[in-house]
A.B. asks: 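Below you'll find the structure I mean.
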Amino acid sequence: MSINAKEIIARRIAKELKDGDVVNLGIGLPTMVANFLPKGVQVVLQSENGFVGLGNTPDKGLEDVDVVNAGAQFVTINDGAAYFDSAMSFGIIRGGHVDVTVLGALEVDENGSLANYMIPGKMIPGMGGAMDLVSGAKKVIIGMIHSAKGNPKILKECTLPLTAVCGVDLIVTEMAVIEVTENGLVLKELAPGININDILRETDAHLTIDDNLKTMDIL
Amino acid sequence: MSINAKEIIARRIAKELKDGDVVNLGIGLPTMVANFLPKGVQVVLQSENGFVGLGNTPDKGLEDVDVVNAGAQFVTINDGAAYFDSAMSFGIIRGGHVDVTVLGALEVDENGSLANYMIPGKMIPGMGGAMDLVSGAKKVIIGMIHSAKGNPKILKECTLPLTAVCGVDLIVTEMAVIEVTENGLVLKELAPGININDILRETDAHLTIDDNLKTMDIL
Amino acid sequence: MNKIISIDDVMEHIHDGMTIMVGGFMGVGTPEIFINAILDKGIKDLTIIANDTGLPDRGIGRLVVEKRLKKVIASHIGLNPETGKQMNDKVLEVELVPQGTLAERIRCGGHGLGGVLTPTGIGTLVEENKEKIVVNGIAYLLELPLRAELALIRGSIVDKVGNVFYNASTRNFNPLMAMAADKVIVGAQRIVEVKEIDPNNVMTPGILVDYIVGGEKP
Amino acid sequence: MNKIISIDDVMEHIHDGMTIMVGGFMGVGTPEIFINAILDKGIKDLTIIANDTGLPDRGIGRLVVEKRLKKVIASHIGLNPETGKQMNDKVLEVELVPQGTLAERIRCGGHGLGGVLTPTGIGTLVEENKEKIVVNGIAYLLELPLRAELALIRGSIVDKVGNVFYNASTRNFNPLMAMAADKVIVGAQRIVEVKEIDPNNVMTPGILVDYIVGGEKP
């Protein structure tokens with residue numbers, strides 16, 4: 001789980017975003033996506049704690065204590081930003097006004113179901129805004145390390161408590177791009193240097209290999 | 001239905017208001033109540049089209065086209081006013097944040113049910129905010145002329161489509177003050193010069209005469 | 001992504017038979033430039049969702065007088081006698097909705113909610129054909145979402161990315177409708193540069209607005 | 001009607017075992033002066049309704065660390081490991097609610113609504129013990145209102161009649177909670193004269209606020 005792996009994921013997901021998209025990036029790896037937007041693509045980032053127009057991290061000493069992201073980190077806002085309360089924030093999310101959300105996951109399965117908010121008896125951070133994001137955003141992209149040290153996270157069926165049923169559209173890992181279709185998971189792209197057997201070894205779910213299998217563009 | 005009758009009603013209702021009350025006054029007669037507040041009593045008027053802090057009618061030439069009441073008449077706002085949207089306005093109303101609403105009525109009955117928004121086939125203005133006001137305000141006062149040219153409007157049971165079931169707390173007319181209780185309507189006060197027989201003649205509903213029947217204070 | 005277009009360009013987005021939400025309360029906060037354009041271009045058979053039908057010479061009232069509407073969903077039609085007349089003559093269908101319920105139904109439509117339980121209207125004609133749900137011993141009506149193909153709203157100050165500030169009592173239903181339609185066009189009293197509206201004072205974020213047209217009169 | 005009181009006077013309104021809503025998001029927009037006072041005065045067995053349990057040294061997190069809570073209703077507890085620990089040790093009851101659902105439930109409580117239908121949580125643990133209602137072929141959860149005896153909110157600028165302006169991302173749950181409690185007390189970063197806040201920019205009208213206490217730090 002090197003920095004490199006995360007950067008591969010973030011770079012590839014960034015290519016899914018279109019100019020003008022309203023995007024909500026989860027805390028952690030998904031946040032990195034903003035650093036790799038293709039030239040000419042500008043997106044509006046929504047922060048579920050109450051604004052659109054999320055900007056960069058402020059320079060040291062220039063932090064505004066009233067301006068934080070959903071992870072409680074100091075951020076800035078861009079020109080054209082707007083603040084609102086939590087009901088409006090989730091009205092925007094649930095109401096389909098967010099084009100793309102990028103989230104991490106503990107498990108994803110063949111139905112596009114997702115588990116990412118608790119491991120019973122062990123780690124229970126809570127779902128925060130994740131359940132609303134998956135149910136409301138037009139496109140849900142999961143960005144995650146492909147397996148947990150070799151143990152598959154892309155499963156026939158999730159074993160952990162679900163965040164949402166059938167909500168995921170695309171899974172991007174450091175090894176592959178997998179699309180969730182009505183007919184199950186379709187392997188669309190392989191990372192450079194990765195072959196199909198590598199993927200199958202670290203994947204529990206059934207994968208259909210796309211006729212037009214490509215190499216992931218991570219430049 | 002002289003000016004005098006309406007003024008009697010407005011003056012008497014004004015005495016029901018307490019300092020600091022949040023009050024919504026219906027269009028027409030109820031609006032007059034604001035002119036007769038007892039000394040030392042200041043209320044905050046809510047206007048359901050979107051603000052609290054409704055003030056007086058502006059002087060000619062000083063109208064602001066953006067500042068109107070729910071009857072589309074030019075008004076002013078007082079210091080400390082606040083504007084909001086229609087969802088918030090009715091959140092305030094439905095949520096019990098309005099202490100008193102004063103409304104007109106076509107009919108009121110022994111259960112405290114009220115009809116004031118339509119005469120089928122004839123006059124259908126619509127309920128506007130009235131149904132929400134009756135269901136949400138802590139105290140609902142009906143201010144109306146006692147009868148329609150001698151035909152009772154205070155009935156055993158309303159005949160027109162209801163605005164609300166069992167919502168009314170107090171009925172104030174130019175002849176009497178009548179309280180709605182669990183045991184039906186109780187005649188609490190008579191206007192100066194009015195006797196019980198006058199009331200009974202113009203009232204269809206059963207009235208219990210209060211042991212402590214008083215004369216209406218309309219100064 | 002230039003959102004500022006001419007009123008002629010707007011008319012490409014308005015067609016006969018459409019369902020349109022129109023902001024405003026008795027004409028205050030109603031985008032009159034779009035009303036003018038609909039009248040000028042002969043658009044008809046519209047279903048309008050709005051608080052009221054304005055006055056005969058103002059706001060939606062003018063569309064009623066000119067018989068451009070097939071159906072109205074509103075809370076109040078009393079200040080425009082023509083609406084009641086057409087309703088009684090059965091040439092215009094009118095669905096009356098309590099004002100607070102209308103606001104919530106539009107809000108549900110825009111916020112991805114399947115409905116809301118309100119005590120308003122219990123025991124009245126409003127409860128016809130509606131599900132009643134009892135919660136903690138109190139009966140509520142289940143009121144369902146309203147959406148439209150198009151929302152025509154009016155902004156007092158609008159910046160070039162579509163952030164909207166509504167002044168005073170012009171706000172009313174406008175921000176709710178800007179969430180609840182497939183396409184949102186705002187008639188602006190004043191168009192300003194980005195950054196001229198404080199982000200704290202934006203009442204409708206620009207991400208919700210598709211097009212901006214200038215020329216709304218005070 | 002002087003609403004400005006001292007922090008000592010506030011403590012007459014806070015008791016052991018109370019249900020309290022506390023504004024803020026990971027501590028941002030949380031009224032820390034009330035957290036301090038609750039800690040100082042030994043208040044305990046509280047049920048807290050809030051977005052999250054803050055950080056161990058910030059916001060509600062400090063009440064968790066000092067074991068003043070009996071129950072928490074929140075959407076996220078991950079930034080304060082002590083909450084999860086007490087939950088697993090069964091000394092603290094935690095009800096996890098999706099963030100958007102939490103906002104809507106509090107809004108229902110304050111707006112006189114009996115509940116709301118949301119698609120969020122369908123097919124997950126969140127649907128346990130909840131009614132499912134199908135509208136137009138889509139299944140929704142019926143989520144019920146939340147109210148509290150007291151709401152402790154934080155205002156950036158508060159005028160003397162209690163009108164509140166929340167700056168930037170401090171707004172979050174504060175205006176929703178100010179509607180949904182029997183008593184509302186605001187901790188003010190700055191108290192100003194009436195008229196200093198533009199009526200268009202008031203986010204919580206003073207009619208909703210019972211008491212104001214100064215002294216909130218930036």
Side-chain angles (χ1 to χ4, degrees), chain B residues 27 47-51 54 64-77 81-96 111 113-115 117-136 158 160-167, chain C residues 23-29 51-55 58-59 72 74-81 83-85 87-88 94 96-104 106-107 110-111 118-126 139 156 166-177 189 203-204 217-218:
Chain B
I27 301 303
S47 192
E48 71 257 33
N49 56 323
F51 55 103
L54 178 68
D64 179 340
V65 293
D66 287 353
V67 185
V68 300
N69 66 13
Q73 296 158 318
F74 293 121
V75 292
T76 57
I77 57 164
Y83 293 108
F84 31 75
D85 69 24
S86 295
M88 176 71 171
S89 185
F90 282 87
I92 287 172
I93 289 169
R94 212 190 304 98
N111 300 313
S113 294
L114 160 75
Y117 84 99
M118 71 183 288
I119 304 174
K122 216 171 143 189
M123 182 198 74
I124 310 179
M127 67 292 280
M131 286 191 179
D132 296 285
L133 280 161
V134 178
S135 86
C158 291
L160 293 171
L162 294 181
T163 301
V165 177
C166 303
Chain C
F25 194 111
M26 303 301 174
V28 177
N51 176 62
D52 55 75
T53 52
L55 312 173
R58 188 163 187 195
V72 167
S75 79
H76 200 271
I77 59 172
L79 293 192
N80 184 357
T83 310
K85 189 180 167 302
M87 182 182 174
N88 285 337
V94 177
L96 288 173
V97 180
Q99 201 167 118
T101 300
L102 185 63
E104 287 301 314
I106 295 168
R107 183 176 182 277
H111 285 237
T118 178
T120 302
I122 282 281
T124 76
L125 292 179
V126 170
S156 304
Y166 309 99
N167 186 49
S169 59
T170 68
R171 196 180 326 180
N172 54 69
F173 282 79
N174 280 299
L176 302 169
M177 291 173 170
Q189 187 180 335
M203 295 163 183
T204 291
K217 299 280 179 298

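The figures here come from the full heavy-atom set of this structure, side chains too, leaving out hydrogens, waters and symmetry mates.
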A.B. asks: Heavy-atom cut-off 4.5 Å, strictly under: side chain, backbone, both or neither for C/Pro175 against chain B?
C.D. replies: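 Side chain of C/Pro175 only, per the 4.5 Å heavy-atom cut-off to chain B.
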A.B. asks: So, do C/Gln99 and B/Phe90 sit near enough that their side-chain heavy atoms are less than 4.5 Å apart?
C.D. replies: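 In contact.
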A.B. asks: Has the side chain of C/Ser169 got a donor or acceptor atom that lies under 3.5 Å from a matching backbone atom of B/Val68?
C.D. replies: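 Yes; judged by distance alone, with no hydrogens or angles, the pair exists.
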A.B. asks: Under 4.5 Å heavy-atom distance to chain B, tell me which part of C/Met203 shows up: side chain, backbone, both or neither.
C.D. replies: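 Neither the backbone nor the side chain of C/Met203 comes within 4.5 Å of chain B.
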A.B. asks: Could you tell me whether the side chain of B/Tyr117 reaches within less than 4.5 Å of the side chain of C/Leu125, counting heavy atoms only?
C.D. replies: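 Heavy-atom side-chain distance check passes, below 4.5 Å.
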A.B. asks: Can you tell me if C/Arg171 uses its side chain to pair, donor with acceptor, with the backbone of B/Gly50 under 3.5 Å?
C.D. replies: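 No; judged by distance alone, with no hydrogens or angles, the pair does not exist.
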A.B. asks: Please look at B/Ser113 and chain C and tell me whether the side chain, the backbone, both or neither of the residue comes under 4.5 angstrom of a heavy atom of that chain.
C.D. replies: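 Contact with chain C involves no heavy atom of B/Ser113 at all.
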A.B. asks: For the interface with chain B, which of C/Leu55, C/Asp52, C/Val28 has the highest count of heavy-atom pairs at distances below 4.5 Å?
C.D. replies: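 Heavy-atom pairs under 4.5 Å are most numerous for C/Val28.
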A.B. asks: What heavy-atom pair brings B/Ala72 and C/Leu79 nearest, and what distance separates the two atoms?
C.D. replies: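 Closest pair (atom of B/Ala72, atom of C/Leu79, distance): CB-CD1, 4.4 Å.
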A.B. asks: Contact part of C/Ile77 toward chain B, heavy-atom cut-off under 4.5 Å: side chain, backbone, both or neither?
C.D. replies: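 Interface part for C/Ile77: both.
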A.B. asks: At a heavy-atom separation under 4.5 Å, does B/Ala70 approach chain C through its side chain, its backbone, both, or neither?
C.D. replies: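 For B/Ala70, backbone and side chain are both near chain C.
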A.B. asks: With a 4.5 angstrom heavy-atom cut-off, which part of B/Ala87 approaches chain C: side chain, backbone, both or neither?
C.D. replies: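 For B/Ala87, heavy atoms of backbone and side chain both lie under 4.5 Å from chain C.
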A.B. asks: Could you look at B/Met118 and say if it's the side chain, the backbone, both or neither that has a heavy atom under 4.5 Å from chain C?
C.D. replies: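 Just its side chain gets close to chain C.
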A.B. asks: Would B/Ile124 and C/Leu96 satisfy side-chain contact (heavy atoms from CB on, under 4.5 Å), going step by step from the backbone distance to the final call?
C.D. replies: CA-CA 10 Å; B/Ile124 310 179; C/Leu96 288 173; 3.6 Å; yes
A.B. asks: Excluding sequence neighbours, so at least two apart, what forms ring pair (Phe, Tyr, Trp, His ring centres under 6.0 Å) with C/Phe25?
C.D. replies: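 For C/Phe25, no residue satisfies ring pair (Phe, Tyr, Trp, His ring centres under 6.0 Å) once neighbours in sequence are set aside.
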A.B. asks: Is there a donor-acceptor pair under 3.5 Å between the side chain of B/Asp66 and the backbone N or O of C/Ala168?
C.D. replies: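 Checking the backbone N and O of C/Ala168 against the side chain of B/Asp66, no donor-acceptor pair under 3.5 Å is found.
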A.B. asks: Could you work out, with side-chain hydrogen bond (donor to acceptor under 3.5 Å, both in side chains) as the rule, every residue matching B/Ser135, not counting sequence neighbours?
C.D. replies: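 So B/Ser135 forms a side-chain hydrogen bond (donor to acceptor under 3.5 Å, both in side chains) with C/Thr120.
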A.B. asks: Contact part of C/Thr53 toward chain B, heavy-atom cut-off under 4.5 Å: side chain, backbone, both or neither?
C.D. replies: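 Contact with chain B involves no heavy atom of C/Thr53 at all.
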A.B. asks: Which of these passes side chain to side chain contact (heavy atoms under 4.5 Å, CB included) with B/Met131: C/Ile122, C/Val97, C/Thr124?
C.D. replies: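 Of the listed options, the one satisfying the test is C/Thr124.
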A.B. asks: To the nearest 0.5 Å, tell me how far B/Asn49 CG sits from C/Asn172 CG.
C.D. replies: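 Separation between the atoms: 7.0 Å.
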A.B. asks: Please examine the side chains of B/Ser86 and C/Leu176, heavy atoms only from C-beta on, and report whether any two atoms are closer than 4.5 Å.
C.D. replies: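 Yes - at least one pair of side-chain heavy atoms lies under 4.5 Å apart.
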A.B. asks: B/Arg94 side chain to C/Gly100 main-chain N or O, any donor-acceptor pair under 3.5 Å?
C.D. replies: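 Judged by distance alone, yes, a pair lies under 3.5 Å.
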A.B. asks: Under a 4.5 Å cutoff for heavy-atom pairs, which residue among C/Ser75, C/Gly27, C/Gly78 has the most contacts with chain B?
C.D. replies: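 Highest number of heavy-atom pairs under 4.5 Å: C/Ser75.
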A.B. asks: Checking C/Asn88 against chain B: side chain, backbone, both or neither under 4.5 Å from a heavy atom?
C.D. replies: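 The side chain, not the backbone.
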A.B. asks: Taking B/Val165, B/Asp85, B/Asp64 one by one, which has the highest count of heavy-atom pairs under 4.5 Å against chain C?
C.D. replies: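 Heavy-atom pair counts peak at B/Asp85.
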